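Quick notes on the structure that follows.
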Amino acid sequence: MRVFSLNLEQTGKIAEKFVRKLKKNTQAVIICLKGELGAGKTTFVQLAGKSLGIKKNITSPTFVILKSYNIPQIKSRPQFKKFIHLDTYRLKSAAELNNIGWPKIIKNPENLVFIEWPENVADLIPKESILIELKVIGKFKRVIDIWFKKKKRAKK
Ligand SMILES: Nc1ncnc2c1ncn2[C@@H]1O[C@H](COP(=O)(O)OP(=O)(O)O)[C@@H](O)[C@H]1O
Ligand SMILES: [Mg+2]
């Protein structure tokens, strides 16, 4: 699925719509975000978190690798409990990710996981993960490609 964003507000709406489509699974739901520096990966995650009702400021985890937030619960529908944001830009090896509990994180169906720079840890990303690619086409314009399934990605 390809969408265009002309400004931050539109990216917010795209992120909100995206989050609403997510369903819990038997394992964590993982969202990989690809795109050059400044493409809007962190911004997309921030806006997705906001739409889930997270009040805390979601800040870039570039230096800490991982940040975790509680998702406010609404009784009417089953929800993810933890919003986990990773940025592996500064990771020296994929093994480091295992040291911060990655295997446990991806097993837990209560987790909604966003990971920037998944390329750096490609071997540790489950096949079922969702891919979002952001491209800059103007100061405020972005192309956002979302692949819910890997098969569709292969066709491109
Ligand atoms: N339409 C848009 N969607 C998302 N970000 C935008 C848009 N227009 C401008 N921006 C800006 O682009 C920058 C993206 O930075 P950031 O999200 O940190 O990128 P990344 O995490 O990919 O390096 C932010 O300063 C953001 O405000
Ligand atoms: Mg970032």
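Side chains are part of it too, since the values below use all heavy atoms of this structure and drop only hydrogens, waters and symmetry mates. Just so we're clear, the structure is a prediction, and the values are computed from it rather than from any experiment. Each ligand, and each atom within it, is numbered from 1 in the order the structure gives.
- Ligand 1 places these atoms under 4.0 Å from at least one heavy atom of S5: 1 (N).
- Contact analysis puts K139 in contact with ligand 1, with a non-hydrogen atom separation below 4.0 angstrom.
- Taking the six-membered ring for Trp and thresholds of 30 and 60 degrees, Y69 and F83 have ring planes more than 60 degrees apart, a perpendicular arrangement.
- Residue F140 has at least one nitrogen or oxygen atom sitting less than 3.5 Å from a nitrogen or oxygen atom of ligand 1, judged on distance alone.
- Because the distance cut-off is set at 2.8 Å, D87 fails to qualify as a neighbour of the Mg ion (ligand 2), as none of its N, O or S atoms comes that close.
- Protein heavy atom at the shortest distance from atom 17 (O) of ligand 1 is T43 OG1, 2.5 Å.
- Residue R142 touches ligand 1 through its side chain alone, judged by heavy-atom distances below 4.0 Å.
- Every atom of ligand 1 is numbered from 1 in the order shown, and the set under 4.0 Å from a heavy atom of E116 is 21 (O).
- Minimum-distance N/O/S atom of E116 relative to the Mg ion (ligand 2): OE1.
- Counting heavy atoms under 4.0 Å from ligand 1, residue L134 does not touch it at all.
- In this structure, atom 12 (O) of ligand 1 is in close contact with the protein, since a protein heavy atom lies within 4.0 Å of it.
- With salt bridges taken as basic N to acidic carboxylate O contacts below 4.0 Å, one links K135 and D145.
- Annotation: L6 places no N or O atom under 3.5 Å from an N or O atom of ligand 1; distance criterion only.
- Contacts with ligand 1 closer than 4.0 Å are made by backbone heavy atoms (N, CA, C, O) of E36 only, the side chain lying farther away.
- By the criterion of a heavy-atom distance under 4.0 Å, the side chain of T11, and not its backbone, is placed next to ligand 1.
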